[in-house]
Amino acid sequence: MSEVRVRFAPSPTGYLHIGGVRTALYSWLWARRNQGTFIMRIEDTDRQRSTDESIQVVLESMRWLGLDWDEGPEVGGDHGPYVQSERLDIYAAYAEKLIESGHAYRCYATKEEIAAAREAHQKSGTKDGFRFQSPWRDRPEPPADPNARHVIRFRAPHEGVTSWVDEVKGKIEILNSTLQDSILLRPDGMPLYNFGCVVDDLTMEVTLVARGDDHMINTAPQIQLYEALGAAVPKFAHMPMVLAPNGEKLSKRHAAVGVLEYRDMGYLPDAVINYLARLGWSHGDQEIFTRQELIEKFSWDRVGTTAGRYDAKKFLHVQAEHLRMLSDEDIARGTVPFLARNDIDVAVDDPVLLKTIPYVKPRAETFIEVAEAVDYFFRNVEFDAKGKRKFLAPAYANNLRRLADVLEAVEPFAKEPLEHAVKAWLEENELSMKLVAQPARVALTGRTKSPGLFEVMEVLGKEKTLTRLRTGAEIAAAAPMHSD
RNA sequence: GGCCCCAUCGUCUAGUGGUUAGGACAUCGGCCUCUCACGCCGGUAACACGAGUUCGAAUCUCGUUGGGGUCACCA
């Protein structure tokens, strides 16, 4: 079997869209599973919209996801350059070749002429789609000034059919009569998508072109171009798109659509990859995959044919599953930056942080949540207003004080002995855990929700536990009486 | 409108002629319990419609309807 060479060819016009990530992911998985080559190519021929800043965002996004490329910007390769705007001479040479072989021609039609033709077409009331028929296609004589502003058009075959067997969609047939003479090169030498794409995939020896099925319309003209150039046609895999929950095209309005936003929300790259892989691809009933499993199991014939809708809740769930697969050390490492964001500086190997992670792990889904769930171990208690009003009330002051006294005698200050001591005390005084736990929790954590009380106490340590409990008792004693 | 693609629970999907149509997320009950989670048990919920082929169709064929894409000197 020949070498697999696949590419991801984003146009840097902003953030890296998660739909684009999925396209990149499938190609990357295919390359990795076949020990092939994954190429990154920047399609920046739309100078209006492309910026260097966006290129950096794309590269940074890919790096964060761990989708490494074997050829492309920053890593180089034998088929460069890998930025389209730096390949203009290559496109010019191929365009020239096509003109010489009679497969392309110079078209001097102005935008105004084309617009007029389009308008006339619409007014004619015909049911067919608009195809601009350039008068220059069959005009043997060059214009008075051959250097006048012109584009280079493909002399597309107008009869017959163009077909291919898509890796995910199966056999597709397009009537050539529905295709027009597409523009290859603009007057400024910039290639249009179909031409730049073909020349690049050809010269970069790409063996399989994977992209969203919104590109299916481009495939027939591209195949014609390969044929006109006498080149081998690569395989094509058109995957269905990722839609918004309501079925519309996914955009910023519907969800966090740039991948880096997920990094900032405390998601794991592996979770993003898992969710996106599983959206449109399946392997039996399995839902959770490691990166390695994805590489081993991915195949195009398991890619579905129907468009998938983005589901934030399922995504979060997959993220939570991956978070729980991490070691405590890795969770600590991932959490520290988010603690720092809130001005809590903790080392990744901080013993208190490490000790508390097993307790917060089942209650958190992202690093942000882990950070929020452990912050009171590293700073003073900040009371939740409702919790404080309800549980640090005069009625509980005495119990809080007595609880502190009971705990003071416990040795060692660990969760089992603490629990035994407290249960014994409760029993003796015919008190219920329910009555004592919530006030203590608020006093200790500032919140009404937390890991088990005795776990919190152990991690907090004797000194802080007693101080916070007694402070809580004072606040409770001083609180106004209320009824609710 | 032309062309292209698509159609199983709300969502992601399994299913390749014979299944009580399975799983996951979500949702709703319950258990566990010091709160919140986790976990566990259980429920609701789908083959778009109509013909045809066949002993037998979610699976094959055709049509209808619906959704999406695309008709650029964007990608």
Side-chain angles (χ1 to χ4, degrees), chain A residues 9-11 13 43-46 48-50 84 107 109-111 114-115 118 122 125-132 149-153 166 169-170 172-175 177-180 182-188 190-194 196-197 211-220 238 240-241 243 245 247-249 275 278-288 304-318 320 324 359-365 369 373 387 391 419 422-423 426 432-442 445 447-454:
Chain A
S11 52
T13 56
E43 305 210 334
D44 62 342
T45 54
D46 183 350
Q48 303 292 316
R49 300 194 298 156
S50 302
Q84 285 191 324
C107 170
T110 62
K111 287 184 182 179
I114 297 170
R118 181 179 297 116
Q122 276 163 2
T126 174
K127 292 185 169 189
D128 294 340
F130 173 68
R131 299 161 58 230
F132 179 66
R149 188 189 142 91
H150 65 275
V151 300
I152 295 176
R153 274 187 195 271
D166 198 273
K169 304 268 188 186
I172 311 284
E173 288 186 315
I174 308 286
L175 254 31
S177 59
T178 63
L179 271 21
Q180 68 171 348
S182 52
I183 295 179
L184 270 22
L185 243 36
R186 282 184 276 221
D188 63 359
M190 279 292 172
L192 252 66
Y193 174 72
N194 278 335
C197 187
R211 65 210 340 183
D213 68 9
D214 50 334
H215 278 296
M216 258 200 292
I217 196 78
N218 291 317
T219 305
H238 288 95
M241 315 227 301
L243 269 22
E248 291 174 2
K249 204 166 177 174
Y275 174 69
R278 200 47 199 67
L279 180 56
W281 170 86
S282 65
H283 187 267
D285 284 342
Q286 190 171 349
E287 299 283 348
I288 302 300
T305 49
T306 85
R309 299 185 187 207
Y310 176 86
D311 184 340
K313 284 185 171 167
K314 182 146 191 176
F315 195 169
L316 220 207
H317 175 261
V318 171
R324 285 167 199 145
Y359 304 137
V360 303
K361 202 196 291 204
R363 295 159 228 268
E365 301 187 298
E369 288 179 11
F391 295 112
E419 182 162 8
V422 171
K423 290 247 162 97
L426 289 173
S432 82
M433 187 69 179
K434 286 186 194 295
L435 241 44
V436 179
Q438 283 304 77
R441 188 182 316 280
V442 174
T445 71
R447 299 176 184 156
T448 56
K449 307 168 183 176
S450 83
L453 253 196
F454 305 105

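Convention: sequence-line order gives letters A, B, ...; per-chain numbering from 1. Because the structure is predicted, anything quoted here is derived from the model rather than measured.
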By the 4.0 Å heavy-atom rule, please label [X] as base, sugar-phosphate, or nothing.
X       : result
P187(A) : base
A109(A) : base
K169(A) : sugar-phosphate
L279(A) : sugar-phosphate
P451(A) : base
E287(A) : base
S11(A)  : sugar-phosphate
H238(A) : nothing
G280(A) : sugar-phosphate
I174(A) : sugar-phosphate

Below 4.0 Å: OP1/OP2 of [N] and any side-chain N or O of [X]:
X       : N      : result
K434(A) : U35(B) : yes
S450(A) : U35(B) : no
T45(A)  : A75(B) : yes
T306(A) : U13(B) : yes
R131(A) : G2(B)  : no
K249(A) : U70(B) : yes

Using atom [atom1] of [X] as one end and atom [atom2] of [N] as the other, report the distance to the nearest whole Å.
X       : N      : atom1 : atom2 : result
N218(A) : C4(B)  : CG    : P     : 15 Å
D285(A) : G22(B) : CG    : P     : 11 Å
R49(A)  : C73(B) : CZ    : P     : 14 Å
L185(A) : A72(B) : CG    : P     : 19 Å
M241(A) : C4(B)  : CE    : C1'   : 13 Å

Go through the N and O atoms of the side chain of [X] and the base of [N], and report whether any donor-acceptor pair is under 3.5 Å.
X       : N      : result
D213(A) : G69(B) : no
R363(A) : C38(B) : no
E248(A) : G68(B) : no
D311(A) : A26(B) : no
K314(A) : A24(B) : yes
R149(A) : C73(B) : yes

Practice problem: Could you check whether the rings of F132(A) and F130(A) sit parallel, tilted or perpendicular, using 30° and 60° as the cut-offs? | Solution: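 Aromatic pair F132(A)/F130(A) classed tilted.
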Selected nucleotide, minimal atom distance to [X] side chain, candidates [options]:
X       : options                : value
I172(A) : C4(B), U13(B), C73(B)  : C4(B)
H317(A) : U70(B), C4(B), A24(B)  : A24(B)
R309(A) : C5(B), A72(B), C12(B)  : C12(B)
K449(A) : U35(B), A14(B), C3(B)  : U35(B)
T305(A) : A7(B), U11(B), C34(B)  : A7(B)
Y193(A) : A72(B), A75(B), C5(B)  : A75(B)
I217(A) : G69(B), C12(B), A37(B) : G69(B)
D214(A) : C25(B), U70(B), C38(B) : U70(B)
Q438(A) : A75(B), U11(B), U35(B) : U35(B)

Practice problem: Run the salt-bridge test on E369(A) and R363(A) with the 4.0 Å N-O cut-off and return the result as yes or no. | Solution: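 No, E369(A) and R363(A) are not salt-bridged.
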For [N], the Watson-Crick or wobble counterpart (both distances under 3.5 Å):
N      : result
U35(B) : none
G50(B) : C62(B)
C3(B)  : G69(B)
A57(B) : none
G42(B) : C28(B)
C9(B)  : none

Quiz prompt | Contact check, side chains of P191(A) and T45(A), non-hydrogen atoms, under 4.5 Å | solution = yes
Quiz prompt | Side-chain heavy-atom pair L179(A), I174(A) within 4.5 angstrom cut-off | solution =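 L179(A) reaches I174(A) side chain to side chain.
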Spacing of the [atom1] atoms in [M] and [N] (rounded, Å):
N      : M      : atom1 : value
C12(B) : C71(B) : P     : 26 Å
A57(B) : A51(B) : P     : 13 Å
G68(B) : U33(B) : C1'   : 48 Å
C6(B)  : C25(B) : C1'   : 23 Å
G42(B) : G23(B) : P     : 10 Å
U61(B) : C73(B) : P     : 38 Å
C9(B)  : A46(B) : C1'   : 4 Å
G1(B)  : G18(B) : C1'   : 44 Å

Quiz item: Cut-off 3.5 Å, side chains only: do R211(A) and T219(A) have a donor facing an acceptor?
Solution: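 Side chains of R211(A) and T219(A): pair found under 3.5 Å.
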Practice problem: Could you check G308(A) against N194(A) and say which one's nearest nucleotide on RNA chain B is further toward the 5' end? | Solution: G308(A)
Quiz item: Is the centre of the Y275(A) ring less than 6.0 Å from the centre of the H317(A) ring?
Solution: no
Quiz item: Which atom names give the shortest non-hydrogen contact between P187(A) and V151(A), and what distance separates them?
Solution: CD-CG1, 3.5 Å
Self-check item: Partner residues of R149(A) under the salt bridge (Lys or Arg N to Asp or Glu O under 4.0 Å) criterion, sequence neighbours left out
Solution: none
Quiz item: Under the 3.5 angstrom rule, does the side chain of D213(A) hit a backbone N or O of M216(A) as a donor-acceptor pair?
Solution: no
Quiz item: Do the side chain of T445(A) and the main chain of V442(A) share a donor and acceptor less than 3.5 angstrom apart?
Solution: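 No; judged by distance alone, with no hydrogens or angles, the pair does not exist.
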